[in-house]
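Heads up: the structure comes next, in structure tokens.
Reminder, nothing fancy here: chain letters follow the sequence lines and each chain counts from 1. Please read all numbers here as calculations on a predicted model, not as lab measurements.
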There are 2 protein chains.
Amino acid sequence: MKYIEKLRNSGLRPTKQRLQICEVLFDRDKTFHFTINELEQKIKKQINNKISLATVYNTVHAFEKKGYLKQIPINSNQTYFDTNVTDHHHFYDLKDEKLIDLENSDVGPINILKKIDGKKIKSVEVLVKLED
Amino acid sequence: MKYIEKLRNSGLRPTKQRLQICEVLFDRDKTFHFTINELEQKIKKQINNKISLATVYNTVHAFEKKGYLKQIPINSNQTYFDTNVTDHHHFYDLKDEKLIDLENSDVGPINILKKIDGKKIKSVEVLVKLED
DNA sequence: ATTCTAGTTTATAATGATTCTAAAAAAGTG
DNA sequence: CACTTTTTTAGAATCATTATAAACTAGAAT
């Protein structure tokens, strides 16, 4: 399994559950935007093994901490995660409640002119809300 | 009271509770970033009248719908609101968990080059995360 | 391989923000 | 005042997320 080493190198034991969640999350062509709930559904369909909801939460948070996932800042009652951890932006379709990737080339350069003493910029994220 | 007409014009009855919440929200010099919980605390301190939590929620949502408040897209278990409804952006200090306004003049123009058929852009919001 | 230990999984309970409910109160209208 | 509609309210219900504590497992040591 290709994820065993990746997990070990991060200090995470490559358990059956983590490896299966890796498959669901990372064996794909395109970026995956998801809520924990949606991920749970996908796991149910794709895997012949029940994974506890608590484990899904634990794993997603562990992966986020290690930098394999990131949260998408958006106002929703559920937390959204993204398998694309590079700097990039999003459309959010308010009607369908769906996220759409904006590649970096889809957004002109962003200039932050204000500085805060003693702080440095970690990330710049743009959320473009869409309506009909 | 200066808020009576404003409320009436929006189709909201100027009740005692709404007027008091208006005072807490809008009788200030600077932009106010808050969660419902923080707002409730401020109301308790500032007003000699108990306002039910349900009313605070109702009122904040009513004001948001009328465009007097807006939500700030950020990942937090609590929803953040902003009394500054003009197009503007935020710093988010990861360490202190504090929001800081970025005036429009603090951010260069943002060009969204991608279009989605049948959808139009409602808002463009930038979140700049800060670290030490 | 067997034993040991720390890390992991799990079902379930607990928490906490938000929404719902339905009855009482207040606002606006004639 | 009488009437209708909107608003407020306390408390219940909901729903995402986190905590708990017991059972399990991976990796290391013996």
* **Proximity to DNA chain C (any heavy atom under 4.0 Å), residues of residues 32-43 of chain A only** => none

* In whole Å, what is the span from the NZ atom of A:Lys50 to the C1' atom of C:dT10? -> 9 Å

* More than 12 foreign heavy atoms under 6.0 Å from NZ of A:Lys42: is that the case here? -> no

* May I ask you to say what B:Thr55 touches in the nucleic acid, namely base, sugar-phosphate or nothing, with a heavy-atom cut-off under 4.0 Å? => base

* Asked: Is the shortest side-chain N/O distance from B:His61 to OP1 or OP2 of C:dT18 below 4.0 Å?
  -> no

* Asked: Out of C:dA27, C:dA11, C:dT18, which nucleotide sits closest to the side chain of B:Leu53?
  -> C:dT18

* To do: Would you kindly give the CG-to-C1' distance between B:Asn9 and C:dG28, to the nearest whole Å?
  => 16 Å

* To do: Would you verify whether the NZ or CZ of B:Lys2 falls within 45 degrees of the ring axis of B:Phe26 while also being under 6.0 Å from that six-membered ring's centre?
  => no

* Asked: Would you say a side-chain N or O of A:Arg18 is under 4.0 Å from OP1 or OP2 of C:dT8?
  -> yes

* Value in whole Å for how far the P atom of C:dG7 lies from CD of A:Gln17 -> 17 Å

* Salt-bridge criterion met for B:Asp132 and A:Lys120 (N-O under 4.0 Å) -> no

* Asked: Without hydrogens or angle criteria, can the side chains of B:Tyr92 and B:Asn75 be said to hold a donor-acceptor pair below 3.5 Å?
  -> no

* A:Leu12 and A:Lys65, any side-chain heavy atoms less than 4.5 Å apart -> no

* **Residue pair A:Leu69 / A:Asp82, side-chain heavy-atom distance below 4.5 Å** => no

* To do: Look at B:Lys114 together with A:Asp101 and state whether they make a salt bridge at an N to O cut-off of under 4.0 Å.
  => no

* To do: Please tell me which of B:Arg8 and B:Ala54 maps to the more 5' nucleotide of DNA chain C, matching each residue to the nucleotide holding its nearest heavy atom.
  => B:Ala54

* Donor-acceptor side-chain pairing of A:Asn37 and A:Gln78 below 3.5 angstrom -> no

* Structure fact -> Here the distance between atom P of C:dA26 and atom CD of B:Gln20, to the nearest Å, is 13 Å

* To do: Please test B:Glu38 against B:Phe81 for side chain to side chain contact (heavy atoms under 4.5 Å, CB included), starting from the C-alpha separation and ending with a verdict.
  => CA-CA 10 Å; B:Glu38 288 165 357; B:Phe81 294 89; over 6 Å; no

* Please state whether the phosphate of C:dA11, meaning OP1 or OP2, lies under 4.0 angstrom from any side-chain nitrogen or oxygen of A:Ser52. => yes

* Asked: Does one side chain, of B:Glu125 or B:Ser123, offer a donor that lies under 3.5 Å from an acceptor on the other?
  -> yes

* Asked: Quick one, which residues of residues 63-81 of chain A touch DNA chain C with a heavy atom under 4.0 Å?
  -> none

* Return no unless some side-chain N or O of A:Arg13 is found under 4.0 Å from OP1 or OP2 of C:dT9. => no

* Asked: How many Å lie between CD1 on A:Ile51 and C1' on C:dT8, as a whole number?
  -> 12 Å

* Asked: For residues A:Tyr68 and A:Ser10, is any side-chain donor paired with an opposing acceptor at under 3.5 Å?
  -> yes

* Asked: Between which nucleotides of DNA chain D, 5' to 3', does chain A make heavy-atom contacts below 4.0 Å?
  -> D:dA16 to D:dG27

* To do: Would you give the length of the straight line joining atom CD of A:Glu40 to atom CD1 of A:Ile36, rounded to the nearest 0.5 angstrom?
  => 9.0 Å

